[in-house]
Amino acid sequence: MGTGAKQRSRTPRRWQVLFLFLLPLFCGALSEQIRYSIPEEMARGSVVGNLAKDLGLRVRDLSTRNLRVSAEKQYFAINTENGDLLDKSEGKNAPELVLERPLDREQQSSHLLVLTAVDGGVYRVSLRENLPSGTSVLKVTATDQDEGINAEITYSFKILGDVGSMFMLDHQSGEIKSQNPIDFEISSSYTIIMEAKDGGGMATKCKIILEILDENDNAPEVVFTSVSSSITEDAERGTVIALFKTHDKDSGENGEVICLIKEEVPFRIQSSANNYYKLVTDGALDRELTPESVTLYIRDINDNAPVFQQSAYLVHVPENNPPGASIAQVSASDPDLGPNGQVSYSIVASDLEPRALSSYVSVSAHSGVVFAQRAFDHEQLRAFELTLQARDQGSPALSANVSLRVLVGDRNDNAPRVLYPALGPDGSALFDTVPRAAQPGYLVTKVVAVDADSGHNAWLSYHVLQASEPGLFSLGLRTGEVRTARALGDRDSARQRLLVAVRDGGQPPLSATATLHLIFADSVQEALPDLNDHHTPSDPQAELQFYLVVALALISVLFLLAVILAIAVRLRRSSSLATWRCFQHSLCTKTGPGVSPNYNEGTLPYSYNLHVASDSQKTFNFLSMTPEMVLPQDLSNEASLIDCKGLVLLGVLLGILWEPGCTQIHYSVPEELEKGSKVGNIARDLGLEARELQERGVRIVSGGRTQLFALNPRSGSLVTAGRIDREELCMGAIKCQLNLEILMEDKVKIYGVVVEVRDINDNAPSFREGELEIKMSEHAATGMRFPLPHAWDPDIGRNSLQSYELSNNTHFSLAVQSGADGNKYPELVLERALDREEKAVHHLVLLASDSGDPVRTGSARIRVTVLDANDNAPAFAQPEYRVSVPENAAVGTTLLLVNATDPDEGANAEVMYSFRYVDNKAAQLFELNCNLGTISTKGELDHEESGFYEMEVQATDNAGYSAGAKVFITVLDVNDNAPEVLVTSLSSSIMENSPKGTLVALLNVNDQDSGENGQVVCFIQENLPFKLQKSYGTYYSLVTDTLLDRELVPSYNITVTATDKGRPPLSTKTHILLNVADTNDNPPAFSHAFYTAYVAENNPRGASIVSVTAYDPDYGENAQVTYYLVEDTVQGAPLSSYISINSDTGVLYALCSFDYEQFRDLQLHVMAQDSGDPPLSSNVSLSLFVLDQNDNALRSCTLPSPLMVLPAWSWHPAPQSPAIWPASHGLFTVGLHTGEVRTARALLDRDALKQSLVVAVQDHGQPPLSATVTLTVAVADRIPDVLADLSSLESPANPEDSGLTLYLVVAVAAVSCVFLAFVIMLLALRLRRWHKLRLLQAPGSGFSGPNYADTLISQESCGKSEPLLLSGDSVFSRDNHALIQKQITLSSSRSITLHIGDINNNVPVFHQAAYVAHVVKNNPPGASIA
């Protein structure tokens, strides 16, 4: 017992000892870091180590466990296929795009491809940098085998970082587009983790690797580290002039820089170190021949894409715009030069149909102006968006896109359209009934109208234009509701008409009208008589009678008019015979124009035929010429004679003026003559005497600002009128000639005179500057030439400048150079070396002389100053300078002073300080005062970027001698960087049923400071169901600490605070918004425990009854409530045939019109179910009660009774009240509540055998309803007698209408026959008279019909009873035929044709007062426009 107990006690102790021994080993393994060692400059994709094996993981677990590298700079990556840690490589399975078929841009200009990764879930895409914003990068597609909402997939970025600012994701399609310009120099690759989640909450992830391809978009930068401002011309070959560094931010070939000098100068560039170059001399220098500056040219490449002035454009265009109008202008600029900077514009995409795009808008390729190709309609197209592209002409071409959104503004171009009241199918107006007891405010009807416009243009107002009773109805201004304004009066008509106008709110407003017909009646039966007045078709018999009356009236009127016309013609012929008796004796004609013809009575044609009747005269003078008449030809002859004289005079004058042009007189005089000096004898040269000059009017007529010459009338000489200076008149001319003209007035002749002015030596050579100072170094080489100012002499020939002379001296000589322009330029030549200590200043005199007579000279003084030579270099006080500065030192802080001295004096002792060597970072942070030698900060220092700077300064004097010293600057760290919290992994949402300890986020905390300044403490706020756990190194895990409930707290804003231990401490707060994802853990709950609803019977079909509402506190689909009716049967029919429910809103609708008499209440159950998985539901009961209305009128039938019984019934409990009329003298009675008709007395002999009774039955409802029935009672002893009496009750047809129609037909026929006979008789008489006239005009009768219209008649012929010729249409009696023939045989006729000649007395007249033509733009040249 004791031994066994001891062994049991030893066994636990052994395990405890073994556990304590193994515990440190496991702890070391848990906290041990994995270390690898690699050489530098490894090739990309080289294997660093097998990370999967070192972590104890299997290769197939790498993707599921999402193993990845998290670092500030991505130097390494993990190959998920074998678990190797690679040097900046994502694997070896990089896809390549292979071209299988030739491409044709005209057939398809772009191809949209989708890259899908099947295994591994990795997408790799290569992008060019500088892609425009909105460029499609990749479209990721995920599939789900489920159906319905479970198959709907949404996409999201799981890990953002810099990705969120560079790329944007379409959450529905999975398409990734660029959001900002991508720069290779900022980042060469991006890694995106994308999550695809279906409707059920299941998700999967994939990795997207974006490789950025470098483009040559950065020009080389040249930074001069050290530059000598001057160099002596005797510097040795290879002397360093400047030290500069080239840098190009691009990589590969794009970053390789070639540096060269374009000019042919004695310099060259030597490569010094990595990207460092020296500019050195390549030959002997000559200050007088070598340019002072060297230009370094950098050629332009197409490295800048066009940039739009705005990121997006928004324009407003009113509808109905004219086609071709400009609606917008976009502008993009390109900083490149030449073709690289020429921008053209085009439309690359739009939300319009591609085929219809060109018919809507176009863009000018050069100006970027967008034109509308058609008139827009706001009702058809309210907005559209265009994508415009600006593309330069470089190679390769670069482009940029911008969106242009066009909003089409509305105009009031659509009138309101009335929907109600509408016309009936037959085109008739509809009627609305109004109860007679309607109170004020009763809703009668509503006018419904719509307007296709929008905004204010669609705001409708209703107005009453006409009303039968103006004060009876009121109309809602905005609603269109027609209500009663007062109660119906006794004097008001039962039928009312309203004309309503509907106006919109546009400018100008448009309107429409609607007509309302209203009838006051308590029931439809009461309104039927009024309706029948309007809709009763016309009686065909009445229409026939109406047309017969009209026809009879028309025929009668025509007959009467024909009779009156015949009588009037007969009376006219009687008056013609009375006139004939006035001309009985003989025919006479006037031989002269007894009556002046009045041509104003008509329009004269182009020719006239005149017939004149005469007895004996054979001649007739129609026109006679009077002496006062003059032909226009005489005037034309006289005008031609005057024109000939003018031509002769003009020829003589031209000959006189032309003659002086052929004669010139020449004179020659020297310049500077006295006033009045003789130039020449002009009188003699003109062949005149001196006294004739004034008589003949000889004078100088040449114009000019100054008269240089004048005529002496006494001597006849041409003399000078003032001083003549050749240099002033003809500066620079070899020959100076002055032209003037002399006019001889009596002959009107002009003579030309040419006066040549000869040069004399009146100007001495002169220098522009009287004194000149020249500075020369004492080390100037002999033979050097110094240009001197040249003299100027305005004279010409020998009188101009000829030679230069220099005063005697031992150091200088004079050399004269002849220029291409013929001038002479002096140069000072150094013959002997100068010595400033021997003589510091030399005074010379330069003399210029001409060869004139006398010789004239000019001089200039020259002062030559000998400059001291710089033969000592500067020297620094110490070779090295060291200084320490805190990183928070203010900009401009002076760090140290470097000092160098030069033993020379004056300007040679002046020292300039500059950096000889400094890197780019130091050059941006420090500056050196070139005069004082102080080094100060010009940028903000940062210990984290660099804690130590080394640079070299140099001191240079004016001669270029220099000395150098090194400067070491140490930047001390201060606590100026707050800790950084990087969210390495984050779940945007977490399920509310997640267990305790669920990982929410993985945080990486880092502080760039060092020492205590870089030690960080991390924590979150209290009272949150989360906690922070330190994971590894600077990594923290944010996990749940308790269970979550979304209904209590739907989201948490977690603040992670990171604080360092510096002085003072700095902290950073990072906010993590965590949404608690919902689970379906709450069923819907109704707002009431049960529902009760009431509906009146006879309700309209589809009317809403009641609305039930259920609320689900869950979120999203779990809170989407759907309503159902629990299936049931009512009176053998399914419940769904009576009631329906809107599954979304819970509103119950009546599918039929309920009848209280069929059933009075309805019990049903409504179920509310959410859309969660699994779905939850709840039920509620609903009681529906049907309310009774007075909707049943009384019905009657006959039952066998003592005589006849009329039982009437109704579902109302109120009693009915039958009444009977006529009373038939008390023969019958009717029961008040039974409806029994009984005989009240015995039948008497005087009573009719057929009695008619009308019985009315009325209920007590509101309003009361009634019915009537007509009873016909026949008194007979047997059945056949009763049938005979019943057949005689049919009403016979009215014979009056048929008789009237017959009489009208007979009257129309009779009047028509009489009228036709009268017309035939008139035609017969007319034909008879025409036949007689033909007999009178036969050739045997010798009758020639005269023409009254062609005969001139005077009043005298009528007074002498002269007969007048009668026309052929006159009618005479038989007794006068012989007399007429005798008189007509003595007449004769002549014909005269008079032609009227045309003169131009009418101006052309246009058909219109003004013409307007419309011409479209871009019309072809030569096209007809009007």
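Numbers here are sequence positions counted from 1. Only heavy atoms go into these numbers, but all of them, side chains included; no hydrogens, no water, no symmetry mates.
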Nearest heavy atoms of Q329 and S367, plus distance in Å: NE2-O, 3.2 Å
Could you check whether any side-chain N or O of K938 sits under 3.5 Å from a backbone N or O of A923, counting only pairs where one atom can act as donor and the other as acceptor? yes
Would you say the side-chain atoms of N130 and D217 include a donor-acceptor pair closer than 3.5 Å? yes
Would you say S133 and P181 make side-chain contact, with heavy atoms under 4.5 Å? yes
Can D919 and M951 be said to form a side-chain contact (heavy atoms from CB on, under 4.5 Å), step by step? CA-CA 8 Å; D919 57 9; M951 61 196 72; over 6 Å; no
Can you name the nearest heavy-atom pair linking H943 to E887, along with the distance? N-OE1, 2.6 Å
Worked verdict on D214 versus E129 for side-chain contact (heavy atoms from CB on, under 4.5 Å): CA-CA 6 Å; D214 182 41; E129 68 173 336; 2.9 Å; yes
Closest non-hydrogen contact found for C206 with Y123 is SG-CE1, 3.7 Å
For F384, check ring pair (Phe, Tyr, Trp, His ring centres under 6.0 Å) against everything at least two apart and list the hits. F376
Residues in ring pair (Phe, Tyr, Trp, His ring centres under 6.0 Å) contact with Y949, at least two apart in sequence or another chain: F926
Heavy atoms only: give me the nearest I153-A196 pair and the separation to one decimal. CG2-CB, 3.9 Å
Under a plain distance cut-off of 3.5 Å, with no hydrogens placed, do N216 and D303 share a side-chain donor-acceptor pair? no
Would the distance check show the side chain of D336 and the main-chain N or O of N302 forming a donor-acceptor pair, the cut-off being under 3.5 Å? no
Are the side chains of D248 and E256 in touch, meaning some heavy atoms are under 4.5 Å apart? no
A332 backbone acceptor or donor facing Y345 side chain under 3.5 Å: yes
How close do A390 and F308 get, counting heavy atoms only, and between which atoms? CB-CZ, 3.4 Å
Between D170 and Q172, is there a donor-acceptor pair closer than 3.5 Å when you use the side chain of the first and the backbone of the second? yes
Quick one: which residue pairs count as a side-chain hydrogen bond (donor to acceptor under 3.5 Å, both in side chains) with a foot in residues 174-185, not counting sequence neighbours? S136-E175, E185-N218
Assess the residue pair K1030 and V1005 against the criterion (side-chain contact (heavy atoms from CB on, under 4.5 Å)); give the C-alpha distance rounded to whole Å, side-chain angles, the decisive distance to 0.1 Å, and a yes or no. CA-CA 11 Å; K1030 192 165 185 179; V1005 182; over 6 Å; no
Shortest non-hydrogen contact between L925 and E940, atoms and distance: CD2-O, 3.4 Å
Could you please spell out the steps behind the side-chain contact (heavy atoms from CB on, under 4.5 Å) verdict for D1060 and N977? CA-CA 9 Å; D1060 58 21; N977 290 284; over 6 Å; no
